[in-house]
There are 2 protein chains.
Amino acid sequence: MDPLGFAPHDHRDCKREAMAAAEAHCARHRLNFTPVRRRVLELLLGGHRAMGAYEILDTLRDEGLGAQPPVAYRALDFLVANGFAHKIERLNAFIACTHPETSHTPAFLICRGCNAVAEAHAEPARGMLGAAAEAAGFEIEQAVVEAIGRCPRCRAEAAPCR
Amino acid sequence: MDPLGFAPHDHRDCKREAMAAAEAHCARHRLNFTPVRRRVLELLLGGHRAMGAYEILDTLRDEGLGAQPPVAYRALDFLVANGFAHKIERLNAFIACTHPETSHTPAFLICRGCNAVAEAHAEPARGMLGAAAEAAGFEIEQAVVEAIGRCPRCRAEAAPCR
DNA sequence: CTCCATATGTTATTCTATAACAGTTATGCG
DNA sequence: CGCATAACTGTTATAGAATAACATATGGAG
């Protein structure tokens, strides 16, 4: 559980930009960017890692923004539905989207050492999977692509002499 | 929750073959294919669909093979670790592998209508994702690829006139 | 103002998963 | 054989993830 993206950068910048993008998107689409929703996105952006719903809920509770699970889940549902965050199925956790607005099929690189998560692009509907689906008569609407492995930092720690 | 593979076939056959393959693999690798493990694989093969750990546990309990969650989870862990079954992260459920022995990177087609799951091949480590990982210095060890959509049957039901 | 949609608050429950420890069986080795 | 050890099972307890159901508030649209 550490920085992220696997490359150091200014978190404040990406947080500020992402919040601004979310504000703009909500204004444009008449979406209700309420305090709870805003705060949850801030938490995800600030944590800059995959966070469990209950971890987020703890903070909301401390801040008087809601004490029960549905409060957190509703906000997370909103963020996911609007592309501001993604769910990492493998971790049962959520992470802020690092490039919203861009239409994308997200793929994730999950480090099994430090649980850091990087978001990448992938179009699984094309390529082998798409072909297999078509052959089976299956219509792909959405895809979960999550690679588990080791990030540069953890690889370096594990095998310093390589 | 229905048949599977999206194509009708003789379940008895695939069940018998898969059990035989598991027996052989365990014998060859000195793995302990105990009654609980055997029974859980049978259940997965017989159900021929993604099954929750607690659904399996219910049956084990009825049959006097174990009443507590760890019993089911341990057996499932064994089956997954040895390639006899896979976990469907999206459903928090487990499914028997339809072609064990073959080394493979499984990908799944999950129907959101009936929850049927078909197993396909995919090599996400190649292609776009592999390139992105390499660029990030990330070493992929394993990947979860799950496509959500509609199977032929559910597509037909939903849009009979298409 | 009233109705309706949207969002929040709360209770309760279900499902998923694992930690921790106790007992039991199987196996290998001296 | 007898013992040590590893592997497996049994059980208790708890943590974590998710949602159903219903109550309340709030903010427009007509």
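Naming convention: chains lettered A, B, ... in sequence-line order (proteins, then strands); numbering from 1 in each chain.
- For the pair A:I88 CD1 and D:dA17 P, the computed distance is 14 Å after rounding to whole Å.
- Each of A:F78 and B:Q68 has a nearest nucleotide on DNA chain C; the 5'-most of these lies closest to A:F78.
- At a cut-off of 3.5 angstrom, counting only N and O atoms as typed in the model, there is no donor on one side facing an acceptor on the other between the side-chain of A:R30 and the base of D:dG28.
- When distances are taken from the side chain of A:P69 to each of D:dG10, C:dA12, C:dT18, the shortest belongs to C:dA12.
- Remark: A:Y73 is in phosphate contact with D:dA18, judged by side-chain N or O atoms under 4.0 Å from OP1 or OP2.
- Closest of all the heavy-atom pairs between A:C111 and A:C151 is SG-N, 3.3 Å.
- Between C:dA17 and B:N92, a contact under 4.0 Å exists linking OP1 or OP2 to a side-chain N or O.
- Using a 4.0 Å heavy-atom distance criterion, B:L65 is classed as a sugar-phosphate-only contact.
- The two residues B:K15 and B:E42 have their closest heavy-atom pair at CE-O, 3.9 Å.
- Remark: B:R37 is in phosphate contact with D:dC8, judged by side-chain N or O atoms under 4.0 Å from OP1 or OP2.
- Spacing between atom CG of B:L91 and atom C1' of C:dA17 amounts to 16 Å, rounded to whole angstrom units.
- The separation between A:M51 atom CE and D:dG16 atom C1' is 15 Å, rounded to whole Å.
- Between the NZ atom of A:K87 and the C1' atom of D:dT19 there is a distance of 12 Å, rounded to whole Å.
- Atom CG in B:D77 sits about 7 Å away from atom P in C:dT18, given to the nearest Å.
- Of all nucleotides listed (D:dA18, D:dA21, C:dA7), D:dA18 comes nearest to the side chain of A:F94.
- The listed nucleotides are C:dT8, D:dT9, C:dA17; the one nearest the side chain of B:Y54 is C:dA17.
- In summary, the aromatic rings of A:H86 and A:F94 are positioned with their centroids too far apart to meet the 6.0 Å limit.
- Atom-to-atom, CG of A:N115 to P of D:dG16 comes out at 14 Å; the value is rounded to the nearest Å.
- Heavy-atom contacts from other residues, nucleotides or ligands closer than 6.0 Å to CD of A:E134 number 12 or fewer.
- If you measure from atom CZ of A:R90 to atom P of D:dG16, you get 19 Å, rounded to the nearest angstrom.
- In terms of heavy-atom proximity, B:F33 sits nearest to B:L41 at CZ-CD2, 3.9 Å.
- Taking atom CG on B:L60 and atom P on D:dT11, their separation rounds to 13 Å, with Å as the unit.
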